[in-house]
Amino acid sequence: MTQRTLISDLAPLPDGPVAVAGWVEVVRDQKKVQFLVLRDESGAVQLVRPRPEGDDDISTAISGLAVGTFIRVEGDLKHDERVKLGGLEVKVSGLDVVGVSEPEQPIAADSSIDKRLDHRFLDLRNPANALIFRVQTTFEHALRTWWVERGYVEIHTPKLMSSPSESRAELFQVPYFESTAYLAQSPQHFKQMAQAAGFGKIFEIAPAFRADPSFTARHATEFTSVDAEISWIDGHEDVMAMHEAVLVAGFEAVVAKHGEEVEALLGVTLTVPSRPFPRIPLARAKEIVAERGYTVPRADADMDPEGERRISDYVAEEFGHDFVFLTDYASSIRPFYHRRHEDDPSLTNSYDLIYRGTEISTGAQREHRIDVLTEQVRDKGLDPAEMADYLEFFRYGMPSHGGFGMGLARVLMLMLGRPSIRETTYLFRGPNRLRP
Ligand code: AMO
């Protein structure tokens, strides 16, 4: 049997015998000649077979092929400039039907996103949709490489927890033998534990769970969280510097490997963001959007989505940048573990990273002094006794530290100009989406 060649590897080969395998995308069953378009994970190629008088096994098999069927084909490669699809075709001499498809495909290119997600595996046969996950692979790999080359340790923290990892809100509970477990909302506690363990610098790319009932384009109940945490920082500036550097490494890799394909299949021109990303204190950002005609609804609250869009518009116009760090959030709207300004405890050493109008990340310097931390726990109306395991990490020595958490699907959605994280999540999970 001839060894299978990926369709993308056919072009440089000389004319002659080849084997290709994939699924049938188009059947043109004509009287004199039969054409198929075969697609595999790397591309598509035209298959051709002149129809013999009175038909034979192969022509009968081709006539019976339903779109979607997986086949393996042996044949003769022929370069021919007249063939629109890649300037080559394979003349079929042998055909093996490996996996038969039902005759009607349940989705079409213009099906609704909900219908497409019902049959996600078919939706992912669309090369534009599959490309998103090759971009994701390259992006994650570049982040991981950047960290590994700088001595970071990759950790895997448990997703089953005895206590909430962020807040009591948006918490999934699961029966756990005689008791109750909580699904991790983030690896927050355990990435800080790694600092107490003396690991110095760590990262994790793993699922996080939020029982968030919202149906927006950027919320899921399960998402992949990209987290990093580093010791020996002087403030959140050190975290932002690392954050933007690792992101730039991710963009560089994606642009180099997929820039052309992304342009061709998704119609998006990718560029590598310049460093440093603009930084604007949250209070100033609210003033800026107010000066430009939009008042964020609650003065004491976070930026709302409209405010995020407006500040991104400003940053794009003013600095030609897609990213902006909004810094120094008020303590009242930040978790207890964020370190507060030495001279103004109403503000925190923290930031959100906004990319093209949407928050993709939260980061901060953490409060590492146990007495201050315990006070901040109480200040938020929480009970230190309920957090005994977490607080113990701080009792036996802890370096200064900080880090960030970033939603992977949000980054990809904004980078690739997709309308929702449903498109950039392999299998989306939301309030009314638990299957397939
Ligand atoms: P935060 O709660 O802001 O911070 O989450 C960090 C990032 O995770 C992503 N994200 C989500 N993505 C999809 N669906 C959701 N429901 C969802 N919730 C959050 C967002 C968000 O910016 N422990 C802190 C991070 C830290 O300080 O290190 C945390 O979890 O992109």
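Every number for a ligand or one of its atoms is a count from 1 in the order of the listing. What's counted below: heavy atoms across the whole structure, side chains too, no hydrogens, waters or symmetry copies. Position 1 is the first residue of the sequence, and the numbers go up from there.
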Are any of the N/O atoms on [X], whether in the backbone or the side chain, positioned under 3.5 angstrom from an N/O atom of ligand 1?
X: Asp212; answer: no
X: Ala364; answer: no
X: Ile421; answer: no
X: Phe223; answer: no

Note the single closest protein heavy atom to [atom], along with its residue, its atom name and the distance in Å.
atom: atom 13 (C) of ligand 1; result: Arg218 O, 3.4 Å
atom: atom 31 (O) of ligand 1; result: Ile360 O, 2.8 Å
atom: atom 29 (C) of ligand 1; result: Glu166 OE2, 3.7 Å
atom: atom 16 (N) of ligand 1; result: Ala220 O, 2.9 Å

Output yes when Asp352 and Arg334 qualify as a salt bridge under the 4.0 Å nitrogen-oxygen rule, no when they do not.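 Result for this pair is yes, salt bridge flagged.
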Does Glu308 come within less than 4.0 Å of Arg310, counting only side-chain N to carboxylate O?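 Salt bridge: no.
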Would you mind finding which of [options] brings a heavy atom closest to [atom]?
atom: atom 28 (O) of ligand 1; options: Met406, Glu229, Arg366; answer: Arg366
atom: atom 21 (C) of ligand 1; options: His236, Glu359, Gln185; answer: Glu359
atom: atom 30 (O) of ligand 1; options: Gln188, Glu170, Arg210; answer: Arg210

Centroid separation Phe336 to Tyr390 less than 6.0 Å: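 Ring centres of Tyr390 and Phe336 closer than 6.0 Å.
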Does the separation of the ring centres of Phe394 and His368 fall below 6.0 angstrom?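 So the answer is no for these two rings.
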For Pro436 and Leu117, work out which heavy atoms get closest and say how close.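 Looking at all heavy atoms of both residues, the shortest contact is CD-O, 3.3 Å.
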Which residues pass the ring-ring contact (aromatic ring centres under 6.0 Å, His included) test with His119, not counting sequence neighbours?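 Checked His119 against ring-ring contact (aromatic ring centres under 6.0 Å, His included); zero matches.
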Under the side chain to side chain donor-acceptor pair (under 3.5 Å) test, residues paired with Arg72 that sit two or more places apart: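 Side chain to side chain donor-acceptor pair (under 3.5 Å) list for Arg72, sorted by chain: Glu74.
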Number the atoms of ligand 1 from 1 as they appear, then name those within less than 4.0 Å of a heavy atom of [X], with their elements.
X: Lys191; value: 26 (C), 28 (O)
X: Tyr337; value: 23 (N), 24 (C)
X: Ser361; value: 22 (O)
X: Ser186; value: 23 (N), 30 (O)
X: Gly405; value: 6 (C), 7 (C), 25 (C), 26 (C), 28 (O)

Given 3.5 Å as the limit, does a donor-acceptor pair link the side chain of Ser350 with the main chain of Ala364, or not?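 No; judged by distance alone, with no hydrogens or angles, the pair does not exist.
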Met406: which of Asp227, Thr224, Thr362, Leu247 passes side chain to side chain contact (heavy atoms under 4.5 Å, CB included):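 Checked Asp227, Thr224, Thr362, Leu247 against Met406; only one passes side chain to side chain contact (heavy atoms under 4.5 Å, CB included): Leu247.
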Have a look at ligand 1 and work out which part of Thr362, if any, has a heavy atom under 4.0 Å from it: side chain, backbone, both or neither.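 It is both backbone and side chain that touch ligand 1.
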Which bit of Phe209 gets closer than 4.0 Å to ligand 1, counting heavy atoms only: side chain, backbone, both or neither?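 Near ligand 1, Phe209 shows nothing, with every heavy atom at 4.0 Å or more.
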So does Phe133 have more than 12 non-hydrogen atoms from other groups sitting under 6.0 Å from CZ?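 More than 12 within 6.0 Å, yes.
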Kindly assign one of parallel, tilted or perpendicular to the pair Tyr355 and Phe251, based on the angle between their ring planes and the thresholds 30° and 60°.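 Plane angle over 60°, so perpendicular.
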